[in-house]
Engineer: 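What follows is a single structure, and I will ask about it in a moment.
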Amino acid sequence: MFAVLIFRLWFLQVIAADDYVAMAQNNCIREIREEAPRGIIYDRNMKPLVENRAGLAVTVFPPALADPDREIEELGKAIDVPPQKIREQLERHAEDTYRSVVVNNDLTPEQKSYLIERMPLYFPGVDIKKYPLRDYPQGSTAAHVLGHVGEISEEELRDPRYSDYSLGDEIGKDGVEYQFDRYLRGTDGSREVEVDAAGRPKRELRSIDAQPGNNVVLTIDSEVQKATEEALAAGIDLAHGKGYYAANGGAAVVMNPKDGEIYAMASYPSFDPAQWVGGMSPEYYQELNAPWANDPLLNRVIAGQYPPASTFKPVTAIAGMQENVVTPLTDFTCTGVWDVLSQPFKCWSSHGDVDMEKAIAESCDIYFYNVGYRFYKADSLGIQRWAEIFGLGGATGVDLPGEAVGRVPDPAWKQAVGETEVDRMWLPGDSVNLSIGQGDILVTPLQMARVYAAIANGGRLVTPHVGLRVQDQVTGVTLADLQPQDTRQLDVSLQQLEVVREGLVKAAETGGTSGDTFADFSPRVAGKTGTAQVVGKTDYAWYVAFAPADDPQVVVAVLIEQGGGSASVAAPTARRILEAFFAHPPAPANGG
Amino acid sequence: MIALDLRLHLRHFDYALLAAVLAVVVYGMVLIYSATHADPQLPGPYYYVKIQAAAAVLGLLLIVPLAFIDYRGLRNYRTPIYVGVLLLTLLVYIVGSTAQGSQRWIDLGVFNLQPSELTKVGMVLVLASYLAGRPRGEMEVQTTLVTLAYTSLPLLLIFFEPDFGSALVLLALAVAMLFLYGVRWTHFAAMGVALVGALLLVLKVLPVVGLQLMKPYQVDRLLVFLHPDHDPTGAGYNLMQSKIAIGSGMLTGKGLYQGTQAQLNFLPEHHTDFVFSVLGEELGFIGAMVLFALFVFIVWRGIRIMLMADSLFGSLVAGGVLSMLLFQFFVNIGMTIGIMPVTGITLPFVSYGGSSMVANLLGIGLLESIHVRSRMIGDRRYRRARITA
């Protein structure tokens, strides 16, 4: 009988001992993760756009739950989280045996006092700890630029981008939070604590402090950003006022044409990034995803793709001159209708004799139909070539996730996507449509801003960007320069650019398409309207401009979905933005 | 004369046995200190150790007179002892104090007396006295039945306190003494069948008709050792924590006062029923083997005394005491390592508990008495003294 006991003891204490050592540690060692605050996101004037505040997180350590079902049920009620969600969260972290699982990280003071009173008795295994949360001092300003944060998903964990991340990490899900996550993200600390059977901490075994993430300074100017967002919303109201009731979305971007620094980037409808903090309410989730919400999360400046319509005409003009299809003095006669092809193409007015400058200023379609048709007859893809040279059909390289590249249609593309024999053929009408930015061409507002920046700055293609620099959160020392260095000088004649520029200036003067809006504006503006026809929809209204015309400091692109009138809706919107811009021009970014 | 008698007695005392018992007692007090010194609810770190030491001193003081009286005289006091045992046990029902749902103690002001502990020693004497007077090979059935009848009265009283563990010890004691006396094997087989039948009746049949003889926690405890991992926070919790404690102690232990299971209260009842788990965790396999060695030594001395006893009564008393100690030792340690059900039987001389300490030391006192007596018979000076007297 002694032998039985001795064998059993030998088994427990020698053969299977490792298991029991692990179980003993599991009993009494609790690793408490100390989440590192993320870096602060500043605008160019060091005004914080995203900060951190101290939240309170409820954590659950499943092995210490005395009565899991009851506790989860009652905890759910106490902290206003469906018990099913708590279970799912615990399930997701099932392999993380030493750690407590955060089930809610934004307790209200009432919830906190309720829990603290009851925790030791009714909620063994449940605890409360400090938890840094994102805070948005300027509300939803620049929401699309900033993006939002959230817990890393299982899918994301499998992504090589997140190879050094782990379950429970908070990551940037979109915008700058996503783009610069590796700078913004701090290094979590941890405390290993010995607890007794009642879960009371007895002593600290090991402690590693959390290292806060680094700050990111953006090119965004909060004031210009706010004005741009207000102007865009006002533009939608304006469209409604003018009878375009379908107007329900829009985009506006304000950029430095010399270096691509983005001062403001607004997309309508918008969202509130603070709703992601502490878990999104089901109501808000439904609100975001409702069919009538019109996709508030989409950043239309970089991911909305639209036909550029007349804002594309300067590209056609440059292509015509560069490819020797026309000269600045070439005349075409506009009678309101162009019926060279079997189907008549109309102009929005009847302009008489039109040269290039006038064609741009008054946005004569027939002038450009002729240019497009000449390219077709010459069997030339000159318009497509120059569209691509100016960056259309390709990424601008903006430092934000989810950029769309648009589309520059050519015969090869038609061949590839056409369903019928006729669909696959490149027809004269395709070239003619392309010449006025209609048909199959698609661009993003940011791409158009970049095109106009190149016209404004003498043919340099900039890389639009929102990132300026990275700073150490503690010392403030600049750690990295985020500005791209790859501005490219295009091989384009400066004289020809000057002709286009002159046309754009005239377009914003009395007699030009946006003269009503800009004739009295100081400084002088060079800008182009665009009214894009989209099948089954009210026209989309564009306005792209730069100012001052003789020394461009800023380029603005505005698009209002189903806004109807480009001159009556989009141009006034751009004006409001420019007014705000010149009232307080952003300071040069001389940080470092 | 008295002086010579005293010298003679002291000369034939089994000091080795006493030393081993003392060593176990001290070992136990160290473990009790480790288990309880950090408890902030106690008046002081030595609170339990002091009470245990007092009980040990009382027990040791009782050994001396026990060793000096002629134990053989006790044989004639069967009825008074038996009646005393029954009265004490009954007293619990009348003036007993209740703790954790059972009524086992009599509050004597200075300390709590747990009569069931004394009952065990008393029953050793009662049964030995009865069996020693039974002629061998005759009316064996009657012998067995009377023995069981003697046992069943206090057993049932204790069972309904309820103190399942002590009741079990009494049963084991009776069976062991019948075995030492030498009844036929068929009797044990019959007893086995009866026991299984009784268990089935109590656990399965009677609850169905609405008669719950055992408290639900007792049933849980009994059954849970079969699958302790199934419900680690419920009834299997104690057993699981005990196994974790012992297993994580490994070969050499975590060091005295360093056991996380014991010190952080994961281990339940760590100064009483599960004191062995503290030993296993803090002093490891080696520490456990030291205790085993001491126990084996005590058992060897006990067997030696049983074999050299000068009478059948002496042999039966020695055998009874031995089986009482051994049974508790195995069942307690077996319980902490998950090979025996959790029954609330304490570890003799080690677990905290004054009544149990005194009772077990009384048992040692009886062994000493038998030892002294049997050695003195062979001593010339003793014979000479008798003659001159």
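Residue numbering restarts at 1 for every chain, and letters A, B, ... go by the order of the sequence lines.
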Engineer: Could you tell me which of B:Ile333, B:Leu251, B:Val296 has the largest number of non-hydrogen atom pairs under 4.5 Å with chain A?
Structural biologist: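 Top option by heavy-atom pairs under 4.5 Å: B:Val296.
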
Engineer: I'd like to check B:Ile246 versus A:Leu9 (side-chain heavy atoms, cut-off strictly below 4.5 Å). Are they in contact?
Structural biologist: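 Contact flag for B:Ile246/A:Leu9 side chains = yes.
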
Engineer: Once you round to the nearest 0.5 Å, how far does OG1 of B:Thr252 lie from CD of A:Gln13?
Structural biologist: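 That separation rounds to 9.5 Å.
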
Engineer: Measuring from atom CG of A:Leu12 to atom OG of B:Ser248, what distance do you get when rounded to the nearest 0.5 angstrom?
Structural biologist: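 Between A:Leu12 CG and B:Ser248 OG, I get 10.0 Å after rounding to 0.5 Å.
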
Engineer: Other residues, nucleotides and ligands only: do more than 12 of their heavy atoms fall within 6.0 Å of NZ on A:Lys129?
Structural biologist: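 Yes, NZ of A:Lys129 has more than 12 neighbouring heavy atoms, counting only those of other groups under 6.0 Å.
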
Engineer: Under a 4.5 Å cutoff for heavy-atom pairs, which residue among B:Ala288, B:Gly284, B:Gly334 has the most contacts with chain A?
Structural biologist: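 Top count of heavy-atom pairs under 4.5 Å with chain A: B:Gly284.
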
Engineer: For A:Asp159, does the CG atom sit with more than 12 other heavy atoms under 6.0 Å from it, leaving out its own atoms?
Structural biologist: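 Enclosed.
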
Engineer: What is the minimum heavy-atom distance between B:Phe266 and A:Cys28, and which atoms define it?
Structural biologist: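 Shortest heavy-atom contact: CE1-CB, 3.5 Å.
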
Engineer: Considering all heavy atoms of both residues, which atom of B:Met250 and which atom of A:Ala17 are nearest to each other, and what is their separation?
Structural biologist: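 Taking every non-hydrogen atom into account, CG-CB, 3.6 Å.
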
Engineer: Under 6.0 Å from the CD atom of A:Glu91, do we count more than 12 heavy atoms belonging to anything else shown?
Structural biologist: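 Open: at most 12 neighbouring heavy atoms sit under 6.0 Å from CD of A:Glu91.
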
Engineer: More than 12 heavy atoms of other residues, nucleotides or ligands under 6.0 Å from CZ of B:Phe188: yes or no?
Structural biologist: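 Counting other residues, nucleotides and ligands, CZ of B:Phe188 exceeds 12 neighbours.
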
Engineer: Against chain B, work out which of A:Asp19, A:Ile6, A:Val14, A:Val4 has the most heavy-atom pairs shorter than 4.5 Å and name it.
Structural biologist: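 Winner by heavy-atom pair count: A:Ile6.
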
Engineer: For A:Arg70, does the CZ atom have more than 12 heavy-atom neighbours from other residues, nucleotides or ligands under 6.0 Å away?
Structural biologist: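 Above 12, so yes.
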
Engineer: Taking only residues two or more places apart in sequence or in another chain, which ones pass ring pair (Phe, Tyr, Trp, His ring centres under 6.0 Å) with B:His270?
Structural biologist: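 Applying ring pair (Phe, Tyr, Trp, His ring centres under 6.0 Å) to B:His270 gives none.
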
Engineer: Nearest 0.5 Å please: distance from the CG atom of B:Leu264 over to the CD atom of A:Glu194.
Structural biologist: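 Here the interatomic distance stands at 4.5 Å.
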
Engineer: If you count heavy atoms of other groups shown closer than 6.0 angstrom to OH of B:Tyr257, is the number above 12?
Structural biologist: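 More than 12 heavy atoms, drawn from other residues, nucleotides or ligands, come within 6.0 Å of this atom.
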
Engineer: What are the two closest non-hydrogen atoms of B:Lys254 and A:Ala24, and how far apart are they?
Structural biologist: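 Scanning both residues, the minimum pair turns out to be NZ-CB, 3.8 Å.
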
Engineer: At a heavy-atom distance under 4.5 Å, which candidate from B:Val299, B:Ile337, B:Leu267, B:Asn265 has the highest pair count against chain A?
Structural biologist: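 Of B:Val299, B:Ile337, B:Leu267, B:Asn265, B:Ile337 has the most heavy-atom pairs under 4.5 Å with chain A.
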
Engineer: Using the ring-ring contact (aromatic ring centres under 6.0 Å, His included) rule, pick out the option among B:Trp300, B:Phe297, B:Phe329 that qualifies with A:Phe2.
Structural biologist: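 Exactly one option meets the ring-ring contact (aromatic ring centres under 6.0 Å, His included) with A:Phe2, and it is B:Phe329.
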
Engineer: If you define the side chain from C-beta out and look only at heavy atoms, does anything of B:Lys243 sit under 4.5 Å from A:Met23?
Structural biologist: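 Contact flag for B:Lys243/A:Met23 side chains = no.
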
Engineer: Which residues from residues 203-211 of chain A are near chain B, with near meaning under 4.5 Å between non-hydrogen atoms?
Structural biologist: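 Within residues 203-211 of chain A, no residue comes under 4.5 Å from chain B.
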
Engineer: I'd like to know whether CZ of B:Phe179 has more than 12 heavy-atom contacts from other residues, nucleotides or ligands below 6.0 angstrom.
Structural biologist: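 No, the 6.0 Å shell around CZ holds no more than 12 heavy atoms from other groups.
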
